[in-house]
Amino acid sequence: MPELPEVETVVRMIRPRLEGRAIGAVDVRWQRTLGGSSARRFAQGVRGARIRRGWRRGKFIVMDLARAGRPAGWLVGHLRMTGRIQVESRSVDPGPYQRLSLGLDDGRTMHFVDPRKFGRIWFTRALDELLGPLGPEPLSEEFTPGWLHAALHARRRLLKPLLLDQTFVAGLGNIYSDEALHASRLHPLRRSDRVSAEEAARLHASIRSTLRRAILREGSSFDGFYRTPEGQPGSYQDEFRVYGRAGEPCPSCGAPIQRIVVAQRGTHLCRRCQGRPSRRRGAATLSAR
DNA sequence: ATCCTATCCTGGCTGC
DNA sequence: TGCAGCCAGGATAGGA
């Protein structure tokens, strides 16, 4: 699923094809891709605008738009689970899952393709309404071990759902949360306010190294969905230590990887390496789906 | 404050 | 072979 490393890869690849281009024809094939906005309003916002710069915030793809050299709102995309962005010459058929297409002034077309229809593309003049709630970028200078420790103690949440919460830290999803927790030897059911400064520092380092390594590998592909805009799979799935490896031996200690369900998400861990969950009042949130 | 469930969606899988 | 039913998952809304 596209998480921070996949979205970063997409942005790096589409930037050179989109920056400087002006948007022409707007073709909306699935209304709800626009997230409630009307096709007319969307088209008015983007048609004729020029893309100045493309960048990433969390799992959002952001394109600064301009008209006559002046800022004119933003084109924002979120791939959710199965969204893809392809920039192709006009003759290339985007296939049956085409949801939205934007003509470009170099004769090419940017397609948003999304089998499961969860992805969204917005035009907005108030970028902060979309990005404002996000927590810090985990690869930014703002994200420090000290900040993480304090932030963990400001909440009383289980680690796994907290890492998935985009208002806590932006960009982690199910895969990289599991991988980072394993690398830091912390159980996904540990309570955030009971994590020591040393453990928080470990988690901080693990989140960063996992994401950086995954970016180098252009993300993870394993279910046929995620592909780079070049159409190539990423390769970080070859380095998964726990995700999707239930029953296989832990690469650190050899004990079998377990799969539990936390916050409705498949969660993978090594019980030997990652210790025990924090004791909670009442029964645990552990259910075997 | 935090948790849980349902919702949005479809392709792929399981089991009959 | 065909088909019903379940499952995955990011984000969010609403209820407990």
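Each chain gets a letter, A, B and so on, in the order the sequences are listed, and its residues count up from 1.
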Can you find a side chain N or O atom of [X] that sits less than 4.0 Å from OP1 or OP2 on [N]?
{"X": "A/His78", "N": "C/dA11", "answer": "yes"}
{"X": "A/Arg157", "N": "B/dC4", "answer": "no"}
{"X": "A/Arg32", "N": "B/dC9", "answer": "yes"}

Determine whether the side chains of [X] and [Y] contain a donor N or O and an acceptor N or O closer than 3.5 Å.
{"X": "A/Thr33", "Y": "A/Arg120", "value": "no"}
{"X": "A/Ser101", "Y": "A/Gln98", "value": "yes"}
{"X": "A/Ser235", "Y": "A/Arg217", "value": "yes"}
{"X": "A/Arg271", "Y": "A/Gln258", "value": "yes"}
{"X": "A/Trp55", "Y": "A/Asp64", "value": "yes"}
{"X": "A/Asp178", "Y": "A/His268", "value": "yes"}

Report summary line: salt bridge (Lys or Arg N to Asp or Glu O under 4.0 Å) filter on A/Arg190, not counting sequence neighbours, yields A/Glu199
Query - Any residue meeting salt bridge (Lys or Arg N to Asp or Glu O under 4.0 Å) with A/Arg15, in chain and number order, not counting sequence neighbours - result: A/Glu19
Sub-3.5 Å pairs of nitrogen or oxygen atoms, protein against nucleotides 13-16 of chain C:
none

Okay, side chain of [X], backbone of [Y]: is any donor-acceptor separation there less than 3.5 Å?
{"X": "A/Arg17", "Y": "A/Val87", "answer": "yes"}
{"X": "A/Thr210", "Y": "A/Ile207", "answer": "no"}
{"X": "A/His187", "Y": "A/Arg276", "answer": "no"}

Rounded off to whole Å, could you give me the [atom1]-to-[atom2] distance for the [X] and [N] pair?
{"X": "A/Asp114", "N": "C/dG9", "atom1": "CG", "atom2": "P", "result": "16 Å"}
{"X": "A/Arg265", "N": "C/dC7", "atom1": "CZ", "atom2": "P", "result": "13 Å"}
{"X": "A/Lys160", "N": "B/dT2", "atom1": "NZ", "atom2": "C1'", "result": "18 Å"}
{"X": "A/Glu6", "N": "C/dG10", "atom1": "CD", "atom2": "C1'", "result": "13 Å"}
{"X": "A/Leu163", "N": "C/dA11", "atom1": "CG", "atom2": "C1'", "result": "16 Å"}
{"X": "A/Asp165", "N": "C/dG10", "atom1": "CG", "atom2": "P", "result": "13 Å"}
{"X": "A/Arg155", "N": "B/dC3", "atom1": "CZ", "atom2": "C1'", "result": "14 Å"}
{"X": "A/Leu164", "N": "C/dT12", "atom1": "CG", "atom2": "P", "result": "13 Å"}

Query raised in the report: Angle class for the A/Tyr176/A/Tyr236 ring planes (parallel below 30°, perpendicular above 60°, tilted otherwise)?
Result: tilted
**Report entry** All side-chain contact (heavy atoms from CB on, under 4.5 Å) counterparts of A/Ala183, not counting sequence neighbours
**Finding:** A/Ser206
Requested in this report: Please list residues of residues 117-136 of chain A whose heavy atoms come under 4.0 Å from any atom in DNA chain B, ordered by number; otherwise none.
Outcome: A/Lys117, A/Phe118
Query - Consecutive-pair stems (at least three Watson-Crick or G-U pairs, under 3.5 Å) that include DNA chain B - result: B:2-16 with C:2-16
pair [X]-[Y]: side-chain heavy atoms closer than 4.5 Å:
{"X": "A/Leu134", "Y": "A/Phe60", "answer": "yes"}
{"X": "A/Glu142", "Y": "A/Glu137", "answer": "no"}
{"X": "A/Leu34", "Y": "A/Trp122", "answer": "no"}

Query raised in the report: Does the base of C/dG9 carry an N or O that pairs as donor and acceptor with the side chain of A/Arg80 under 3.5 Å?
Result: no
**Report entry** Pairing residues for A/Glu129 by the side chain to side chain donor-acceptor pair (under 3.5 Å) criterion, not counting sequence neighbours
**Finding:** none
Report task. State which residues pass side chain to side chain donor-acceptor pair (under 3.5 Å) with A/Glu248; sequence neighbours excluded, sorted by chain then number. Result -> A/Arg245
Query raised in the report: Looking at residues 234-243 of chain A, who's got a heavy atom less than 4.0 Å off DNA chain C?
Result: A/Tyr243
Query raised in the report: Using a heavy-atom distance cut-off of less than 4.0 Å, which residues of residues 166-179 of chain A contact DNA chain C?
Result: A/Gln166, A/Asn174
**Report entry** Per A/Trp30 side chain, nearest of listed nucleotides C/dG10, C/dA8, B/dC9
**Finding:** B/dC9
**Report entry** All ring-ring contact (aromatic ring centres under 6.0 Å, His included) counterparts of A/Phe168, not counting sequence neighbours
**Finding:** A/Trp147
Got a list of protein N/O to nucleotides 11-14 of chain B N/O distances below 3.5 Å?
residue : atom : partner : partner atom : Å
B/dG11  : OP1  : A/Tyr97 : OH           : 2.9

